[in-house]
Amino acid sequence: MTVFILVPGVFTGVHVWEETAARLTRAGAEARPVALTGLDGSRGPVGPPGAAPSGVGLETHIADVVAAIDSVSAAGGTAGREIVLVGHDYGIHPVLGAADRRAERVARVVYLDAVLPRDGVPALAAVPDQALREQVRARAGSEGAGGELVPPGRDEWRRWGSTEGVCDAALDRLTALAAPQPLGTLLQPLRLTGAAATVPATGVLCTANGASIDMVRRLVGFGDPALRFLADPRVTFFELPTGHWPMLSCPDELAEVLLRAAAGEGQRLKPAGTAGPSAHLRPFRLEVPKVPRERREHVDLYPPPGAEGRLPAVVFVHGGPVPAGARPTPREWPTLVGYARYAAGRGAMGATLDHRLHDVADYEGAATDVATAVELVRADPRVDPDRIALWFFSGSGLLTADWLGAPPAWLRCLAATYPILAPLPNWGLTGSRFHPADALPHAGALPVVLTRAGLESPEIAATIKTFLAAGKDCGAAVKVVDVPNGHHGFETADPVDEWHAAVDRAMHSVLGHLT
């Protein structure tokens with residue numbers, strides 16, 4: 001028999017697991033939702049009901065999960081009874097802490113739309129919304145770690161994750177039963193010995209919240225040593241097409257996935273480099289001139305051979321997030337270099353750059369790096385500083401907001417290829433300035449060339465749809481170039497015949513605005 005120990009996320013209690021637990025029980029498993037101290041009617045070791053919890057921190061909740069593991073043994077031993085720990089959201093922190101202390105008793109850890117906790121890092125680092133993180137720090141500064149965070153109102157849950165799929169009645173109940181979150185649970189660092197890393201794991205990714213197996217595969221492909229374990233054969237993955245609370249939006253489907261995870265099923269990733277180059281390092285399969293690069297700080301220039309006079313320039317901005325240790329760095333990736341040389345072959349200065357988009361919290365730093373790179377390109381004596389185009393890819397699409405919101409006179413065109421044009425729900429950028437659709441009405445007559453992949457992931461495609469709807473409403477000058485059979489990153493993912501003509505049309509359009 002499999003015993004599922006189910007640990008809820010912030011503000012929530014055992015009630016969120018009711019339907020999923022019932023489905024697991026009907027399948028012959030045992031389900032044990034954990035009542036975390038201070039969140040399920042228990043207000044901690046000191047204080048009456050309604051008082052702020054005293055001394056409740058992450059270690060308190062780890063002890064709650066450890067007690068649940070030990071109770072399985074006390075109820076008749078563990079022979080023939082595999083324990084699977086399931087941590088949703090914040091719940092993965094006490095789950096991983098408990099797995100570290102009872103590794104020999106745990107058959108698998110399931111990360112349910114949860115981050116990868118690190119030793120010494122508090123759960124606050126995983127809170128998606130920067131404003132919420134600042135709110136917690138401010139409250140801790142005035143109340144100390146013994147204070148608490150007020151639960152969200154009915155319309156505020158989306159700041160903690162997508163509510164897609166959760167019906168009105170379930171959202172009303174979630175709000176009514178929500179409890180204040182003890183600040184100590186978010187501020188106390190997680191301490192791990194490494195024992196938990198020996199336990200098999202499964203990631204259940206909720207795609208409507210912005211996570212997907214393809215995104216994880218790309219991150220692993222960057223070669224970040226911290227993510228190497230995700231390609232371990234003991235690690236599996238599932239996707240659910242729903243928001244951040246699958247136990248409320250699709251409890252039966254979630255239970256089925258948990259049963260399959262316990263059986264060791266799910267998709268597995270291949271270690272970086274074992275099946276040839278990772279996608280971002282595969283060749284750019286168009287014939288382009290072998291223009292040598294010229295390095296200037298964090299920018300590489302590709303000047304047209306034999307060109308005379310002041311040149312227009314196209315600055316190509318890589319996507320992300322990209323781990324800080326990724327090598328080669330993005331400005332040397334074949335796709336970006338290929339585009340830059342393609343532009344050089346058409347008579348424009350091509351430029352690639354590195355920027356600091358290593359995490360979704362890094363957009364401001366990345367925006368600064370891009371602006372600095374653009375000025376460096378404009379300052380080159382061979383470049384006409386009044387004829388510049390910016391071309392963004394993938395996750396750098398959010399950076400277009402700055403240029404659309406207040407386009408300088410010298411910016412003659414803005415291009416974007418398979419861009420992400422709105423923050424994904426789990427990125428926590430709701431209150432940021434990086435919302436291109438909101439900026440588009442201020443773009444005036446700035447030409448925008450958008451290359452769209454027909455086989456784009458639904459979550460990214462939805463951001464493009466929102467952007468195009470905003471463009472239609474305000475009459476923006478948006479030209480769409482479609483790659484009907486193209487995937488995200490089609491230049492290295494799909495046959496060249498699928499996208500050659502589209503890239504040529506997009507380049508022709510961009511350069512046309514520079515001449």
Side-chain angles (χ1 to χ4, degrees), residues 296-303 310-320 330-331 333 335-344 346-357 363-380 383-421 433-437 439-440 442-452 464 467 471 476-481 503 505-515:
R296 303 284 191 275
E297 299 178 18
H298 65 299
V299 177
D300 286 349
L301 300 176
Y302 294 86
R310 288 293 189 101
L311 304 170
V314 185
V315 180
F316 298 93
V317 183
H318 70 82
R331 62 174 158 174
W333 290 355
T335 292
L336 274 294
V337 173
Y339 272 91
R341 285 175 167 163
Y342 198 2
R346 299 291 187 91
M349 177 75 79
T352 66
L353 67 130
D354 289 330
H355 57 73
R356 290 171 287 174
L357 185 57
Y363 271 95
E364 289 195 13
T368 298
D369 293 342
V370 172
T372 301
V374 171
E375 289 308 312
L376 191 153
V377 172
R378 294 182 68 224
D380 189 284
V383 170
D384 182 345
D386 292 325
R387 289 191 292 155
I388 307 294
L390 300 182
W391 197 319
F392 298 83
F393 293 79
S394 190
S396 71
L398 300 192
L399 299 175
T400 63
D402 284 350
W403 304 96
L404 293 168
W410 47 261
L411 181 60
R412 300 297 183 88
C413 182
L414 185 149
T417 294
Y418 41 82
I420 299 175
L421 291 173
R433 72 178 194 263
F434 300 107
H435 290 261
L440 188 55
H442 306 284
L446 176 67
V448 176
V449 179
L450 194 160
T451 304
R452 179 172 55 181
I464 296 173
F467 180 85
V478 180
K479 174 184 176 65
V480 178
V481 178
V503 170
R505 287 198 304 273
M507 184 69 72
H508 179 80
S509 181
V510 170
L511 296 181
H513 292 296
L514 294 179
T515 56

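Throughout, numbering of the chain's residues begins at 1 and tracks the sequence.
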Quick one: pull up [atom1] in [X] and [atom2] in [Y] and give me the separation to the nearest 0.5 Å.
X: D386; Y: R378; atom1: CG; atom2: CZ; result: 6.5 Å
X: L450; Y: L421; atom1: CG; atom2: CG; result: 6.0 Å
X: E297; Y: L376; atom1: CD; atom2: CG; result: 5.0 Å
X: T372; Y: H298; atom1: OG1; atom2: NE2; result: 5.5 Å
X: I388; Y: L414; atom1: CD1; atom2: CG; result: 13.0 Å
X: L440; Y: L404; atom1: CG; atom2: CG; result: 6.0 Å

If you take all heavy atoms of [X] and [Y], which pair is closest and at what distance?
X: R331; Y: V337; value: O-CG2, 3.5 Å
X: G347; Y: P312; value: O-CD, 4.0 Å
X: P447; Y: R412; value: CD-O, 3.2 Å
X: R310; Y: P385; value: NH1-CD, 3.3 Å
X: P407; Y: G405; value: CD-C, 3.8 Å
X: A340; Y: F316; value: CA-CE1, 3.5 Å

*Considering only heavy atoms from C-beta outward, does the side chain of T352 approach that of Y302 to under 4.5 Å?*
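Side chain of T352 against side chain of Y302, heavy atoms only: contact under 4.5 Å found.
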Please list, one pair per line, the donor and acceptor atoms closer than 3.5 Å that link side chains of residues 392-402 to other protein atoms, with sequence neighbours excluded.
residue : atom : partner : partner atom : Å
S394    : OG   : H488    : NE2          : 2.8
S396    : OG   : V317    : O            : 3.2
S396    : OG   : H318    : O            : 3.4
S396    : OG   : F393    : N            : 3.0
S396    : OG   : F393    : O            : 2.7
T400    : OG1  : G397    : O            : 2.6
D402    : OD1  : R433    : NE           : 2.8
D402    : OD2  : R433    : NE           : 3.3
D402    : OD2  : R433    : NH2          : 3.0

Return all side-chain donor-acceptor pairs below 3.5 angstrom for residues 505-515, not counting sequence neighbours, or 'none' if the list is empty.
residue : atom : partner : partner atom : Å
T515    : OG1  : L511    : O            : 3.4
T515    : OG1  : G512    : O            : 3.3

_Is the ring pair W403/W410 parallel, tilted or perpendicular, if the boundaries are 30 and 60 degrees?_
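It falls in the perpendicular class, over 60°.
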With sequence neighbours excluded, what pairs up with [X] under the salt bridge (Lys or Arg N to Asp or Glu O under 4.0 Å) test?
X: E364; value: none
X: D369; value: R356
X: R387; value: D384

*Taking only residues two or more places apart in sequence or in another chain, which ones pass side-chain hydrogen bond (donor to acceptor under 3.5 Å, both in side chains) with W333?*
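Partners of W333 under the side-chain hydrogen bond (donor to acceptor under 3.5 Å, both in side chains) test: none.
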_Checking Y363 against L357 for the side chain to side chain contact (heavy atoms under 4.5 Å, CB included) test, could you report, in this order, the C-alpha distance in whole Å, the side-chain angles of both residues, the deciding distance, and whether it holds?_
CA-CA 6 Å; Y363 271 95; L357 185 57; 3.7 Å; yes
